[in-house]
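Report on the structure given below.
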Amino acid sequence: MAPTASLAQQAPAPHSGAPLARRAATALAAALVLGAAAAPAAYAAAPGSPSAAAKKLPDGLYGTKDPQYDGVWRQSLALLAQHTVGVRPAASGVRWLVGQQCADGAFTAYRAEPGKPCAAKAMRDTNQTAAAVQALAALGGHGDAVDKAVGWLKSVQNEDGSWSSMPGSPGDANSTSVVIGALAAAGQKPASVTSKKHKTPYDGLLTFRLGCAGREDAHGAFTFQLKGATPNADATAAAATGALGKGFVVAPAGRGAHTPVTPPACKDGKDKKAGKVSAAQAADGGAAYLVAQLDKNGQHLLSAMPGAKPQPDVGNTADAVVALAAGGHGAEARRPLAWLQKNAANWARQSGPAAYAQLVLAAHATGSDPRSFGGTDLVTALNATGPEPAAVSGARVQDAKDDDGGIPWWIIGVGLAFGAGLGFLLSGRKRGGR
């Protein structure tokens, strides 16, 4: 569920648990296995240059670690998770995110001087941009920023319908999935967004589907980048959500609702069913692969860092929970959720706002209470990583003049009440078919 990273972006420790680190590990694995070219050096810090962590972090930013590689990403997830569970974020946090946008609509990972125009060589990032779109669209009131960002995303779509994290590079399953979520959040229908060769995002996403190829225990999986490569649980979790036209926020199914997981029907390494496999069928196959991996490993997924001893990948397990919930596979989602409730607290504490947000969204997708998550109040913990929220569960905790131009909170609360599902307390969001 996190941004794909170029090789030059891999500052976080590979198993720190931060979503960016997991995508960085995936990108590194793909590069090592597939012989990918070295990434542009534009994202690498100049030798001897001070890091952002060595300076005073900007007002409104969530987390205390250097935001150079994941500032927009972690900010977006934090704001989105807060909104999803009824927390009104501080205006300073929202302003920081909006201020990171470049004039062309794109977002980079972090702009230390948002008052200056984005340099032509600044590395625009589809993952950070798509995450920002999902957050700002949910919060409301930022239509121009969302429209500009969506316009930029459309302009860098690959001919096969996919997206890469860095425009101009071959697409990958993770980036394509997070952009699909952004399009849906912005009220677009992803299937109607076509490339110059008339390929949709779903066409692009399905190029990474392994389907019935390879060994039996890989059936249904997606690969990170090139078709025919190794199955990747991280990419599969992202793709199983994206193929359903959904983003980070998945509305929980009703109590008792359950859709059985259906592995792909295979014969001699090919799909038995004649004709093109639909995106929904591909999502179901991906869910079946995730369930098999979870069952094999004790209801958690393993890290994919090459050369390292396999260990639990908490963040990817949270992504898998969301993916299974998105497909209506409630019973299968609850098993890894229980593992997260027992094992994820320390990981989130060490990793920061994006990690807490992932767990909040996993709890939300399964209809669980994020305020009582294996003994941890995820909402309070997430709130503590950033500026004090304007309101928590409707209670005023901050002077309204700081956040709303002097408009009293009680007036805003009345307006939200009349919004009937369109206001701040709405846990879902408009979908164009996520």
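These values consider heavy atoms only, across backbone and side chains, with no hydrogens, waters or symmetry-generated copies.
In this structure, the side chain of Gln225 engages the main chain of Pro170 through a donor-acceptor pair within 3.5 Å. The backbone N or O of Thr317 lies less than 3.5 Å from no partner atom in the side chain of His300, so there is not a single donor-acceptor pair. Asn158 contributes no side-chain N or O that, together with a main-chain N or O of Asp160, makes up a donor-acceptor pair within less than 3.5 Å. With hydrogens and angles disregarded, a donor-acceptor distance shorter than 3.5 Å links the side chain of Gln281 to the backbone of Ser278. Side-chain atoms of Ser177 never come within 3.5 Å of backbone atoms of Gly242 as a donor-acceptor pair (strictly under, hydrogens ignored). Counting only distance, with no hydrogens or angles, the side chain of Ser165 and the backbone of Asn127 share no donor-acceptor pair below 3.5 Å. Here the side chain of Ser351 pairs no donor or acceptor atom with the backbone of Ala348 at under 3.5 angstrom. With Arg111 contributing its side chain and Lys116 its backbone, the two residues share a donor-acceptor pair below 3.5 Å. With hydrogens and angles disregarded, a donor-acceptor distance shorter than 3.5 Å links the side chain of Thr200 to the backbone of Tyr202. The main-chain N or O of Gly171 is never found under 3.5 Å from a side-chain atom of Ser164 such that the two would form a donor-acceptor pair.
No side-chain heavy atom of Arg371 sits less than 4.5 Å from a side-chain heavy atom of Leu378. You'll find the side chain of Pro389 stays beyond 4.5 Å of the side chain of Pro89, heavy atoms only. No side-chain heavy atom of Thr108 sits less than 4.5 Å from a side-chain heavy atom of Asp125. Val193 is not listed as a side-chain neighbour of Val150, based on a closest heavy-atom distance of 4.5 Å or more.
Between the side chains of Glu388 and Asn383, no donor-acceptor pair of N or O atoms lies under 3.5 Å. Checking Asp284 against His329 by side-chain atom types alone, a donor-acceptor pair falls below 3.5 Å. Side-chain contact annotation: Tyr69 with Gln128, donor-acceptor N/O pair under 3.5 Å absent. Residues Thr223 and Asn232 have side chains that never bring a donor and an acceptor to within less than 3.5 angstrom of each other. Checking Lys196 against Gln157 by side-chain atom types alone, no donor-acceptor pair falls below 3.5 Å.
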Next on the checklist: Quick one, Lys197 with Asp203, criterion salt bridge (charged side-chain N to carboxylate O under 4.0 Å, His left out). Give me CA distance, side-chain angles, the key distance, then yes/no.
Outcome noted: CA-CA 11 Å; Lys197 290 193 174 182; Asp203 292 328; over 6 Å; no

Checklist entry - Asn174 and Phe224: side chain to side chain contact (heavy atoms under 4.5 Å, CB included), yes or no, with the steps? => result CA-CA 7 Å; Asn174 301 86; Phe224 168 69; 2.9 Å; yes

Item to check | Evaluation steps, side chain to side chain contact (heavy atoms under 4.5 Å, CB included), between Thr84 and Val360 | outcome: CA-CA 9 Å; Thr84 299; Val360 167; 5.6 Å; no

Checklist entry - Given Gln358 and Asp319, is the side chain to side chain contact (heavy atoms under 4.5 Å, CB included) satisfied, shown in steps? => result CA-CA 7 Å; Gln358 280 187 275; Asp319 289 349; 2.9 Å; yes

Item to check | Full working for side chain to side chain contact (heavy atoms under 4.5 Å, CB included) between Thr176 and Phe208 | outcome: CA-CA 10 Å; Thr176 304; Phe208 310 112; 4.0 Å; yes

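One finds the CG atom of Leu206 at 12.0 Å from the OG atom of Ser162 (value rounded to the nearest 0.5 Å). Atom CZ of Phe107 sits about 4.0 Å away from atom CD of Gln101, to the nearest 0.5 Å. For the atom pair Met166 CE and Asp172 CG, the distance stands at 10.0 Å (nearest 0.5 Å). Atom CG in Leu210 sits 8.5 Å away from atom CZ in Phe222 (nearest 0.5 Å). Distance check: Tyr289 OH to Asp217 CG gives 7.0 Å after rounding to the nearest 0.5 Å. Taken from NE2 in His219 to CZ in Arg209, the straight-line distance is 10.0 Å, to the nearest 0.5 Å.
Taking a 6.0 Å sphere around CG of Asp369, one finds it holds more than 12 heavy atoms contributed by other residues, nucleotides or ligands.
Across all non-hydrogen atoms, the minimal contact from Leu80 to Ala138 is CD1-CB, 3.6 Å. Minimum heavy-atom separation, Ala78 to Tyr62: CB-CD2, 3.6 Å. Between Ala135 and Leu97, the shortest heavy-atom distance links the atoms CB-CD2, 4.2 Å.
Put simply, the residue from Gln100, Arg74, Gln75 that forms a side-chain contact (heavy atoms from CB on, under 4.5 Å) with Pro67 is Arg74.
Taking the six-membered ring for Trp and the full ring otherwise, the centers of Trp73 and Phe248 sit less than 6.0 Å from each other.
Under the 30°/60° scheme for interplanar angles, the aromatic rings of Tyr110 and Trp96 are found to lie parallel.
Between Arg124 and Asp104, at least one side-chain nitrogen of the basic residue sits less than 4.0 Å from a carboxylate oxygen of the acidic one, meeting the salt-bridge criterion.
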